[in-house]
Peer 1: 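This is the structure, below, for whatever I ask next.
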Amino acid sequence: MRTISQETKQYSLLSTGLSLFIVCAANVVTLITALSMSAVATNGLIEGGGVYYMISRSLGPEFGASIGLMFTLANSIAVATYIIGFVNSLQDMLFFYMDGLVMLDGGLNDVRAIGTATLILLTLLGIVGMNWVTRVQIVLLFLLIGSQVDFVVGAFMGPPSDLSRARGFIGFNRELFLENIQQGFRWAEGTDQNLFSVFAVFFPAVTGIVAGANLSGDLK
């Protein structure tokens, strides 16, 4: 039987039951939001403006303006975190699959340079118009579908080498499954982790529904 690396044990935080609870709870929130948004969208003419347009027309300009300001600030912060995540993923890909290749210094300067270039490219894409944004999103959709298929296939294939096992990827394993039934919250990032801190990390993964609402101006 394959052994479980010490690194895998160290970073196991949630039990299997709590993990499923987080996934279900996050999707329930998204489902309720989608139903509410569908009710608003089918109750009148929807123009450009996305979530802000729907809120302002449903709750009035006072609520719409206040929520719109927070929504704009939240989107600005979200874009920054998404770009940082993209650059970090790119750094890992270059390091592990291209013999330790680095862009500048392999650290913070890479995030600054590539992040700035990515932000400029996205700004230009937004200036060009929503037609090009929609085309790019179709390409991203196929990339996401491909990555999910790759994830499932890789899980059944298991680790291709001992190096992958040392990094914590061991595939389906009975011993690891039984161990993960019990929760193991630990001290990390300067604080005691708990259910809500892990939920906060996962929840942005189900907020993609907002991207669809922001295309309200393209509805026919």
Side-chain angles (χ1 to χ4, degrees), residues 1-31 34 78 81-104 106-107 110-111 114-115 118 121 135-189 193-212:
M1 180 179 292
R2 292 172 294 185
T3 59
I4 302 174
S5 67
Q6 197 65 29
E7 293 182 48
T8 306
K9 293 183 178 180
Q10 180 180 358
Y11 292 105
S12 296
L13 293 176
L14 278 180
S15 66
T16 304
L18 288 179
S19 300
L20 294 176
F21 169 77
I22 283 181
V23 174
C24 293
N27 282 279
V28 166
V29 173
T30 303
L31 176 62
T81 56
Y82 294 155
I83 291 177
I84 293 174
F86 165 73
V87 178
N88 289 336
S89 300
L90 183 61
Q91 286 178 310
D92 292 340
M93 184 187 70
L94 295 178
F95 181 80
F96 290 114
Y97 296 101
M98 296 187 179
D99 298 327
L101 178 66
V102 297
M103 290 172 280
L104 293 177
D110 283 357
V111 178
I114 305 302
T118 303
L121 179 62
R135 294 174 185 175
V136 173
Q137 287 184 337
I138 293 176
V139 176
L140 294 178
L141 172 63
F142 285 105
L143 289 176
L144 289 174
I145 293 175
S147 64
Q148 292 177 1
V149 172
D150 180 68
F151 178 84
V152 174
V153 173
F156 282 99
M157 291 179 58
S161 64
D162 292 335
L163 180 60
S164 296
R165 295 188 184 94
R167 291 172 177 168
F169 174 55
I170 63 174
F172 292 105
N173 184 279
R174 179 177 177 273
E175 181 184 353
L176 180 61
F177 176 79
L178 293 177
E179 182 179 352
N180 283 341
I181 292 179
Q182 300 178 355
Q183 67 184 28
F185 295 111
R186 293 174 172 83
W187 175 272
E189 302 294 333
Q193 302 300 319
N194 52 45
L195 175 64
F196 295 102
S197 63
V198 181
F199 182 82
V201 174
F202 177 79
F203 187 74
V206 298
T207 57
I209 185 175
V210 178

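The chain is numbered in sequence order, starting from 1.
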Peer 1: Please identify each residue that fulfils side chain to side chain contact (heavy atoms under 4.5 Å, CB included) with Leu94, with sequence neighbours left out.
Peer 2: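 So Leu94 forms a side chain to side chain contact (heavy atoms under 4.5 Å, CB included) with Leu90, Met98, Leu101, Met103.
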Peer 1: Got a sec, which residues hit ring-ring contact (aromatic ring centres under 6.0 Å, His included) with Tyr82, two or more places apart in sequence or on another chain?
Peer 2: none
Peer 1: Please identify each residue that fulfils side chain to side chain contact (heavy atoms under 4.5 Å, CB included) with Val206, with sequence neighbours left out.
Peer 2: Ala26, Asn27, Thr30, Phe202, Phe203
Peer 1: With heavy-atom distances below 4.5 Å as the criterion, would you say the side chains of Val23 and Leu20 are in contact?
Peer 2: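 No - every pair of side-chain heavy atoms lies 4.5 Å or more apart.
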Peer 1: Taking ring-ring contact (aromatic ring centres under 6.0 Å, His included) as the test, write out the residues that go with Phe156, two or more places apart.
Peer 2: Phe172
Peer 1: Let me confirm one number: the CG-CZ distance from Leu18 to Phe21, rounded to the nearest 0.5 Å.
Peer 2: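 Output value for this atom pair is 8.0 Å.
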Peer 1: For residues Val111 and Val87, report the shortest heavy-atom separation together with the two atoms involved.
Peer 2: CA-CG1, 3.6 Å
Peer 1: Would you list the pairs meeting salt bridge (charged side-chain N to carboxylate O under 4.0 Å, His left out) in which at least one residue belongs to residues 141-160, sequence neighbours left out?
Peer 2: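 Listed by first then second residue: nothing to list.
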Peer 1: Dump the intermediate steps for side-chain contact (heavy atoms from CB on, under 4.5 Å) on Leu140 and Leu143, then the final yes or no.
Peer 2: CA-CA 5 Å; Leu140 294 178; Leu143 289 176; 4.1 Å; yes
Peer 1: Could you check whether any side-chain heavy atom of Gln91 comes within less than 4.5 Å of a side-chain heavy atom of Ile114, counting everything from C-beta outward?
Peer 2: no
Peer 1: What are the two closest heavy atoms between Ala78 and Thr81, and how far apart are they?
Peer 2: O-OG1, 2.7 Å
